Each structure stands twice: as C-alpha cells, then as structure tokens.
Amino acid sequence: MSTKPGEDSHPQEGGALAGTLEIIPAAMAIQLDHFIVPCRDQVASAKRLAGLLGVAWAEKGAGPFSPVYLNEGLTLDFIQAAEAFPVHHYCFRVSEAEFDAIFGRIRAAGIPYRSTPHGSDDMRINTDHGGRIVYWSEPDGHAWEILTVSYARPSHS
C-alpha cells in the first residue's frame, strides 16, 4: 500500500484492509544489530555478563559503550546511567551444552537464580516448555534468561 503526500496511510474503519495485517516480503532478512543496556557501572556490568555467557566484551567500543559481543551479528552496548532506568528482560536461546556451561558459571559465581521471570529466587530450573529455562537479575536488576527451547515461537516441526 503506497501513499501520496497528504494521504492517510492507515486504512479507514470498515475499509478493505480493516482488521487485517498486510505482510510484505522483505528483500533481505531483518537482523537486530545492537541493543543499549542501561546500568550503574558499564565496565563491571559488561564484564560480568560476558563472563557468565562466555562471550567476548570490551571496556570501550564504538561511542561511549562497553560492548558485549553475543554473536557475529548482535552486540549489547552497556551504557552508564546516573538516572533511574527501567528494568529490561533479555532472553538468550542456547544449546544444551551452552546452558550447562552458563548455568555452571552462574552457580559458581553464587548468583541467585529462579524458574520464573519475576518473584523469589527459588534456585530451580524451569522445564515447563520442553527445554530448560533459568532467570537471574545480575547485573543491575535486569531480568536475564537462558533457555534451550523457545516458548515465544511456535514449533516448525
């Protein structure tokens, strides 16, 4: 659906597209490149998360950030914030072997963990969705999650 200047790009109520979602094939896949993570101490936070996940990081990257390199295409850019910031939820889908390694580092660091996104640290692994899931809140109170099977996307089997 194209529009000319001054035209409304939203379908009118009851119009041909009302209540539908038009899916337009993309010429190339869309990929998330980086995400900014607010924190109190960007170097310590980046180092902590990278150490838990077993990935590379740097004290200084592009701009004022301390980046954590999750894979070849995605970076978490930690930025120090003096003001209050919202708690974010970050979920990482990992293999069974990666789960074991990361979970081992969480336990070795003495970090409290839980089986649900919020609530008390019950020190349990969630197995309700056909895989394993663990949540923790370090660094900076964000809700961090590792899982082996995505519950957010339907299975394509």
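All figures in this text were calculated on a predicted structure; none of them were measured in a lab.
The heavy-atom pair separating L74 from L32 by the smallest distance is CD1-O, 3.6 Å. Nearest heavy-atom pair, A152 versus S150, reported as atom, atom and distance to 0.1 Å: N-OG, 3.2 Å. Residues P64 and Q42 approach most closely at O-NE2, 2.8 Å, considering heavy atoms. Here the closest heavy-atom approach between residue T148 and residue G131 is recorded as OG1-CA, 3.3 Å. The nearest pair of heavy atoms linking P67 to D77 is CB-OD1, 3.5 Å. Taking all atoms of both residues into account, the shortest heavy-atom contact from G141 to V87 is O-CG1, 3.1 Å.
Checked by atom type and distance alone, the side chain of H142 pairs as donor or acceptor with a backbone atom of H88 at under 3.5 Å.
Between R48 and W57 the shortest side-chain heavy-atom distance does not fall below 4.5 Å. Between L76 and H34, the closest side-chain pair of non-hydrogen atoms is not below 4.5 Å. Taking the side chain as every heavy atom from C-beta outward, Y69 and V55 never approach each other to under 4.5 Å. Two residues are said to be in side-chain contact when any heavy atoms from C-beta on lie closer than 4.5 Å; P38 and E83 fail this criterion. You'll find the side chain of D128 stays beyond 4.5 Å of the side chain of Y151, heavy atoms only. Using a 4.5 Å cut-off on side-chain heavy atoms (C-beta onward), I146 and W136 make contact.
Taking CD of E72 as the reference point, atom CD of Q31 lies at 10.5 Å (rounded to 0.5 Å). Distance CG/L52 to CD1/I102: 8.5 Å, rounded to 0.5 Å. Expressed to the nearest 0.5 Å, how far CG of D121 lies from CE of M123 amounts to 7.0 Å. In this structure, the separation between CG on L53 and CZ on R105 is 7.5 Å, given to the nearest 0.5 Å. Rounding to the nearest 0.5 Å gives a distance of 6.0 Å between SG of C39 and CD of Q80.
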Could you walk me through whether F85 and D140 pass the side chain to side chain contact (heavy atoms under 4.5 Å, CB included) test, one step at a time? CA-CA 10 Å; F85 53 82; D140 292 299; 4.1 Å; yes
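If you chain together hydrophobic residues whose side chains sit under 4.5 Å apart, I106 and V37 fall into the same group. Under the 4.5 Å side-chain contact rule for hydrophobic residues, F92 and F35 share a cluster. In this structure, L70 is not a member of the same hydrophobic cluster as L147, with clusters built from ILVMFWY side-chain heavy atoms closer than 4.5 Å. Both I111 and I125 are part of a single hydrophobic cluster, where members link through side-chain heavy atoms under 4.5 Å apart. Residues L49 and I36 are members of separate hydrophobic clusters, defined by side-chain heavy-atom contacts under 4.5 angstrom among Ile, Leu, Val, Met, Phe, Trp and Tyr.
Electrostatic pairing of R132 and E96 counts as a salt bridge here, judged by a charged N lying under 4.0 Å from a carboxylate O. At a threshold of 4.0 Å, the pair R114-D122 does not count as salt-bridged, since none of the basic side-chain nitrogens sits closer than that to a carboxylate oxygen.
The number of heavy atoms from other shown groups lying within 6.0 Å of CZ (R124) does not exceed 12.
Screening Y135, W144, F103 for a ring pair (Phe, Tyr, Trp, His ring centres under 6.0 Å) with Y113, the sole residue that qualifies is F103.
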